[in-house]
Student: 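Structure in structure tokens, see below.
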Amino acid sequence: MNFFKSFYYAGRGIASALGQRNFRFHICAAAFVIFFAAKFYSFSAERWAILLLTCSGVMAFEIMNTAIEKLSDKVTEENSHRIRLAKDCAAGAVLISVIFAVGIGVALFWDVDRFRLIGMYFSEPARLAALLLAVVIAWAAVFLPEAAPGSKKKHDTKNGKQKQKDN
């Protein structure tokens, strides 16, 4: 395989993951965390490395979870104990990475004095409005693509669940 083609395929995989609500959520959460770290904290190179590795780790686990789900759905649509277990394990890996990411975030960011400074910064109405607008935009980026007309979902009447079409 051509070396540069591998980057194309990887990019295509990331673009595909953007179709998943949970991946979009993790991207938005990472963006907010990185913004707050850059704006209000003076992290050392080591702390930045920890923060960025933590964010990328969660997103990487989410992409692997999506890959396992997509492959499992392609292998069989029947209820299979092994397929369900594989999907549950992949989702569990994401959950473990998120729990530890929250713990790392607490360790990196917990500073009551800094919280007061952040509160004072956002006490200015324009800054608070900008933050609220950013939250609304992030919410829309996470949740609205699935509600859009023509989204790739159809209703599976057998299981009573939403099911994504395989392209």
Side-chain angles (χ1 to χ4, degrees), residues 1-75 80-115 117-118 121-122 131-146 151-153 161-164 166-167:
M1 177 191 328
N2 183 336
F3 177 74
F4 294 106
K5 269 192 172 179
S6 64
F7 287 101
Y8 168 76
Y9 296 138
R12 194 168 63 181
I14 294 168
S16 174
L18 286 169
Q20 301 297 314
R21 180 192 64 228
N22 290 350
F23 187 71
R24 292 191 307 270
F25 174 82
H26 293 307
I27 286 177
C28 289
F32 277 102
V33 167
I34 291 167
F35 166 77
F36 274 84
K39 182 77 176 163
F40 300 108
Y41 291 80
S42 298
F43 280 170
S44 64
E46 292 83 6
R47 284 185 164 232
W48 272 111
I50 291 167
L51 179 63
L52 296 174
L53 282 170
T54 301
C55 291
S56 66
V58 169
M59 288 186 273
F61 273 113
E62 188 63 54
I63 288 177
M64 289 304 298
N65 179 45
T66 298
I68 289 168
E69 286 179 351
K70 297 288 185 188
L71 182 60
S72 297
D73 290 344
K74 188 68 175 174
V75 168
S80 165
H81 172 72
R82 287 186 175 138
I83 294 290
R84 181 179 49 80
L85 185 59
K87 287 179 168 185
D88 291 350
C89 287
V94 175
L95 180 60
I96 289 170
S97 72
V98 168
I99 290 169
F100 277 88
V102 169
I104 290 167
V106 168
L108 290 175
F109 289 99
W110 193 264
D111 181 346
V112 175
D113 294 331
R114 187 86 44 147
F115 296 160
L117 291 173
I118 294 169
Y121 181 84
F122 287 110
L131 176 63
L132 293 175
L133 179 62
V135 169
V136 168
I137 290 169
W139 179 88
V142 170
F143 293 104
L144 288 184
E146 291 182 352
S151 67
K152 298 177 181 177
K153 296 217 175 195
K161 296 189 267 182
Q162 292 287 334
K163 185 176 178 183
Q164 186 140 357
D166 193 17
N167 290 340

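All values derive from a computational prediction rather than experimental measurement. Below, each value reflects all heavy atoms present in this structure, side chains not excepted, and no hydrogens, waters or symmetry copies.
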Student: Would you mind listing every salt bridge (Lys or Arg N to Asp or Glu O under 4.0 Å) that reaches into residues 7-21, with sequence neighbours excluded?
Tutor: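 Sorted pair list: Arg21-Glu146.
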
Student: Can you check whether Tyr121 and Phe40 have ring centres sitting under 6.0 Å from each other?
Tutor: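 Yes: the rings meet the under 6.0 Å criterion.
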
Student: How are the rings of Tyr41 and Phe109 set relative to one another: parallel (under 30°), tilted (30 to 60°) or perpendicular (over 60°)?
Tutor: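 Ring orientation of Tyr41 relative to Phe109: perpendicular.
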
Student: Where is the tightest heavy-atom contact between Arg114 and Ser42, given as atom of each residue plus distance?
Tutor: NH1-N, 4.0 Å

Student: How far does CZ of Phe7 sit from CG of Asn2, to the nearest 0.5 angstrom?
Tutor: 10.5 Å

Student: Looking at side-chain heavy atoms only, is the closest gap between Phe115 and Trp110 below 4.5 Å?
Tutor: yes

Student: Is the CZ atom of Phe100 crowded by more than 12 outside heavy atoms at less than 6.0 Å?
Tutor: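 Counting other residues, nucleotides and ligands, CZ of Phe100 stays at 12 neighbours or fewer.
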
Student: Work out which heavy atom in Ile14 is nearest to a heavy atom in Phe23; give both atom names and the distance.
Tutor: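 Ile14 and Phe23 have their closest heavy atoms at O-CE2, 4.3 Å.
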
Student: Distance from Cys89 atom SG to Asn65 atom CG, nearest 0.5 Å?
Tutor: 10.5 Å

Student: Which heavy atom of Phe122 sits nearest a heavy atom of Leu131, and at what distance?
Tutor: CE2-CB, 3.7 Å

Student: Specify the closest pair of heavy atoms between Cys28 and Ala141, including all atoms of both residues, with the distance to one decimal.
Tutor: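 That closest heavy-atom pairing would be SG-CB, 4.4 Å.
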
Student: Please report the interatomic distance NZ(Lys70) to NZ(Lys87), rounded to the nearest 0.5 Å.
Tutor: 9.5 Å

Student: Please round to the nearest 0.5 Å and tell me the distance separating atom OG of Ser97 and atom CE of Met64.
Tutor: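 Interatomic distance, Ser97 OG to Met64 CE, rounded to 0.5 Å: 12.5 Å.
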
Student: Evaluate Trp48 against Ile34 for side chain to side chain contact (heavy atoms under 4.5 Å, CB included), listing each step before the verdict.
Tutor: CA-CA 9 Å; Trp48 272 111; Ile34 291 167; 4.2 Å; yes

Student: Please round to the nearest 0.5 Å and tell me the distance separating atom CG of Asp73 and atom CD of Glu69.
Tutor: 7.0 Å

Student: Rounded at 0.5 Å granularity, tell me how far CD1 in Ile27 sits from CG in Leu18.
Tutor: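 Here the interatomic distance stands at 4.5 Å.
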
Student: Give the minimum heavy-atom separation between Ala138 and Phe32, together with the two atoms involved.
Tutor: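 Heavy-atom minimum between the residues: CB-CE1, 3.6 Å.
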
Student: So which atom in Glu62 and which in Val94 form the shortest heavy-atom distance, rounded to 0.1 Å?
Tutor: OE1-CG1, 3.3 Å

